[in-house]
Amino acid sequence: VSTPNVIMPFGNTHNKLKMNYSAEQEYPDLSQHNNHMAKVLTPEMYANLRDKETSSGFTLDDVIQTGVDNPGHPFIMTVGCVAGDEETYEVFKDLLDPVIEDRHGGYKPSDKHKTDLNPDNLQGGDDLDPNYVLSSRVRTGRSIRGFCLPPHCSRGERRAIENLSIESLDALDGDLKGKYYALKNMTEEEQQQLIDDHFLFDKPVSPLLLASGMARDWPDGRGIWHNDNKTFLVWVNEEDHLRVISMQKGGNMREVFNRFCTGLTKIESLFKERGHEFMWNEHLGYVLTCPSNLGTGLRAGVHVKLPNLSKHEKFGEILKRLRLQKRGTGGVDTAAVGGVFDISNADRLGFSEVELVQMVVDGVNLLVDMEKRLEAGESIDDMMPEQK
Amino acid sequence: MENIGPFHAKALILKPELAVLSHLCASTLTPVKSSSLLSVPSEAPSSRIPACLFVPPSPETEEITIRVCERLFLSDSRHGQQLLQSPVLQTKRRDPVVSGGLGHGRITVPPGTCERRSPGAQEVPGQSKLVGTFHSRCPITRRSQAQLPVAEYPDLRKHNNCMASHLTPAIYAKLCDKATPNGYTLDEAIQTGVDNPGHPFIKTVGMVAGDEESYEVFSDLLNPVIKERHNGYDPETMKHPTDLDASKVQSGQFDERYVLSSRVRTGRSIRGLSLPPACTRAERREVERVVVDALAGLKDDLAGKYYSLTQMTEKEQQQLIDDHFLFDKPVSPLLTCAGMARDWPDARGIWHNNEKTFLVWVNEEDHTRVISMEKGGNMKRVFERFCRGLKEVERLIQERGWEFMWNEKLGYILTCPSNLGTGLRAGVHVKLPLMSKDPRFSKILSNLRLQKRGTGGVDTAAVGGVFDISNLDRLGQSEVQLVQTVIDGVNYLIECEKRLEKGQDIKVPPPLKQFK
């Protein structure tokens with residue numbers, strides 16, 4: 001039995017095996033599927049792309065496996081594909097460009113994305129009414145250039161990412177000074193504290209994530225870093241290399257965004273000192289695992305009490321025009337409790353960070369004003385916003 | 001200094017006997033004087049564990065020094081700590097990659113510590129010796145502690161499965177860059193065991209085979225795993241007997257006041273196609289085509305019909321559920337982490353004969369699972385139909401140029417090493433309310449080489465004193481021998497139950513010899 005020495009993580013012998021079968025024999029059955037990948041991946045496209053691979057050996061079938069295994073939901077359109085490394089977006093652009101265009105409101109392959117992490121460019125945002133806005137939060141993700149992404153990275157890469165992150169985060173000071181908790185080493189006490197703070201993340205259970213291989217080797221190389229004030233939080237090796245979160249109680253989104261930008265910029269320079277940069281390019285902005293998070297990867301949101309407005313028949317339409325989305329306070333796929341909603345920006349790509357946070361600030365201010373009107377028994381018909 | 005780009009452990013390829021344990025982690029030591037590396041206490045593991053350390057660029061020379069060690073240093077590893085030196089030999093250039101740059105370095109050996117020299121190497125006292133160069137995409141970083149995390153070797157400290165018990169760093173180093181001709185690798189084979197540490201009471205296997213060749217290419221790991229799981233069966237020295245002659249079985253009719261149903265199951269794999277953890281969609285569809293084609297040729301009491309999971313009607317689905325025939329997408333992480341549920345439900349299905357006594361599952365955990373069953377206690381007839389059906393299916397696929405995966409060391413090849421040999425589980429649902437309360441029950445079962453499960457299958461509890469009793473063993477004894485073991489054992493249990501009913505005492509039988 002011959003045993004070719006392979007270059008790891010995995011040689012591409014397995015993909016070559018598939019070439020023994022015709023494209024038609026290998027093409028997945030997508031007849032029950034409703035996700036972006038299934039809408040775009042024709043048999044011809046499959047035939048053209050299936051013998052390609054990135055330098056780390058990521059193949060078309062690796063990109064689409066999660067979308068094949070999870071047909072989707074009749075009402076929610078999932079993406080159905082992931083990137084295994086930065087090159088994926090290049091090598092498989094025939095598939096990913098139309099997926100990106102569909103998912104990100106018509107964003108074209110020739111479009112350029114602006115990055116703006118200067119918090120001074122934000123207008124207002126420090127006075128969202130705390131009687132309604134219970135908490136404010138901004139999150140994004142970052143990938144470290146040169147490493148494979150969570151669906152594809154080897155244990156060694158994941159550990160290297162963790163080590164790099166620990167070193168860099170350790171160098172933060174001032175109100176950003178904090179501590180790292182590795183998932184596999186934390187004490188019972190530390191774990192309980194992180195749960196109570198709502199910081200702890202668990203092994204993914206969503207089949208969307210599991211099918212793409214992101215949970216391999218759990219909890220090796222995973223951890224949580226947060227500052228002593230518990231207002232700045234970094235997740236290491238969960239769905240992306242890094243997820244960066246700034247948050248606090250109340251409605252001072254400006255302060256949250258300020259800390260977010262300062263922290264991110266500092267982290268970026270600390271990584272650069274160590275010879276690493278973040279994955280970024282001027283077309284796709286910050287590159288992350290899921291195509292839905294390209295661009296800014298930014299979700300800025302508030303927990304806000306809107307018991308009257310949420311029952312209004314035009315609530316959905318208002319949100320749509322403001323380019324906002326609602327979720328339950330447990331996060332995506334949860335229901336609102338007690339009229340409290342998680343309201344955040346719907347877009348990720350094609351708008352800068354400042355622009356997106358501005359939309360949230362302005363939009364939430366309007367929603368709160370509407371809520372107050374409805375409380376007073378007045379109409380909001382004259383307040384309907386234009387489509388942004 | 002060249003731009004040191006991203007790291008790829010296996011970019012550094014040394015001679016096979018000193019294959020890098022992917023110790024080439026981006027986390028490195030602060031510049032360390034060679035002498036301090038030597039002052040670490042040593043144990044003496046018998047296995048040779050090659051490894052390699054990085055030392056980050058020194059400020060003066062900006063050269064990366066790599067020490068190649070013959071024994072691995074794992075500060076936390078239960079395999080001990082030891083550091084010796086040996087020269088490293090040749091390196092291979094890896095093709096340049098798009099993102100990041102190529103790193104380079106020199107491979108040196110600290111002075112006075114060489115145990116072996118490469119030809120022509122000159123040792124200068126007090127100086128590190130250059131023995132080679134390498135190329136990698138390694139980002140060099142500094143760490144405050146002189147700790148050496150192992151880059152690729154999995155962290156198995158909390159694990160309790162057969163794979164974790166036997167996957168030493170040495171074996172990992174030897175096998176990590178090997179692949180079967182189909183491209184299946186060690187990391188893929190062990191992924192399920194890494195992801196599922198196991199249960200403190202149940203020891204799972206912790207690895208799977210992606211194809212027939214896995215059992216050969218990864219035999220350094222699979223053989224000890226097989227030996228542990230199958231009670232000392234040694235694939236290197238022993239042969240597995242296959243015997244599907246049902247006529248040899250004796251007294252195969254149980255007392256039906258106690259035995260409610262009888263069942264025999266096994267699995268079969270189609271040679272030349274990859275197994276469920278690794279198969280492509282086309283291969284899986286080919287398995288379905290080959291098997292369904294063959295089953296269509298069955299006649300008389302074996303004639304039946306195939307129900308594809310993707311195409312069955314609501315009515316058919318409900319009927320299969322009512323008959324307890326329908327299998328669902330696996331939810332056990334033991335299976336999903338091995339990749340067996342990919343592309344569900346594509347090319348999966350259920351075939352059964354019109355009498356509902358012979359059933360074949362297609363592309364679930366194995367290429368095929370074959371089940372013969374009926375109500376009542378006629379195990380002999382169940383086994384007879386089992387053998388007849390299996391032989392007939394084998395004949396039909398052979399007519400079309402296919403065969404089952406089988407060899408004389410491991411018997412029938414299946415996905416999970418626990419199912420090698422016969423892959424056979426012969427069992428009954430039997431009422432043993434008094435026996436089950438007797439404190440000697442477990443010991444009696446164990447001596448009879450039997451196991452108990454609840455009537456819902458593995459991991460369920462018994463209901464109303466009714467147990468699923470079946471053979472423990474799979475490999476090292478033939479089908480006939482195992483079924484006879486079940487027949488003799490269940491008869492004994494029924495005798496015990498009857499004696500307890502009469503208030504008489506029972507005896508614990510002497511333990512059966514395992515490999516006959």
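Here is the naming used below: chain letters follow the sequence lines, and residue numbers restart at 1 for every chain. FYI, side chains are in, hydrogens and waters are out, and symmetry mates aren't considered; it's all heavy atoms of this structure. On a predicted model such as this, the values are computed, not experimentally measured, just so you know.
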Any side-chain heavy-atom pair of B:T310 and A:Q32 under 4.5 Å: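 No, their side chains stay 4.5 Å or more apart.
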Side chain to side chain, A:L17 and B:S274, heavy atoms closer than 4.5 Å: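 Sidechains of B:S274 and A:L17: in contact.
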With a 4.5 angstrom heavy-atom cut-off, is it the side chain or the backbone of [X] that approaches chain A, or both, or neither?
X	answer
B:D155	both
B:A341	backbone
B:I190	side chain

Chain B contact via A:E24 - which portion, at a heavy-atom distance below 4.5 Å: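 The backbone, not the side chain.
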Which atoms of A:D61 approach chain B - backbone, side chain, both or neither, heavy atom under 4.5 Å: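 The side chain, not the backbone.
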With no hydrogens and no angle check, is any side-chain donor or acceptor of [X] less than 3.5 Å from a backbone partner on [Y]?
X	Y	answer
B:D195	A:D217	yes
B:K158	A:K184	yes
B:R285	A:Q25	yes

Salt bridge (charged side-chain N to carboxylate O under 4.0 Å, His left out) involving A:E26 - partner list, sequence neighbours excluded: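 For A:E26, no residue satisfies salt bridge (charged side-chain N to carboxylate O under 4.0 Å, His left out) once neighbours in sequence are set aside.
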Presence of salt bridge, B:R281 and A:D29, under 4.0 angstrom: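 Not counted as a salt bridge, because no side-chain N and carboxylate O are separated by less than 4.0 Å.
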Interatomic spacing from CZ in A:R216 to OG1 in B:T192 - rounded to 0.5 Å: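 Here the rounded value is 13.5 Å.
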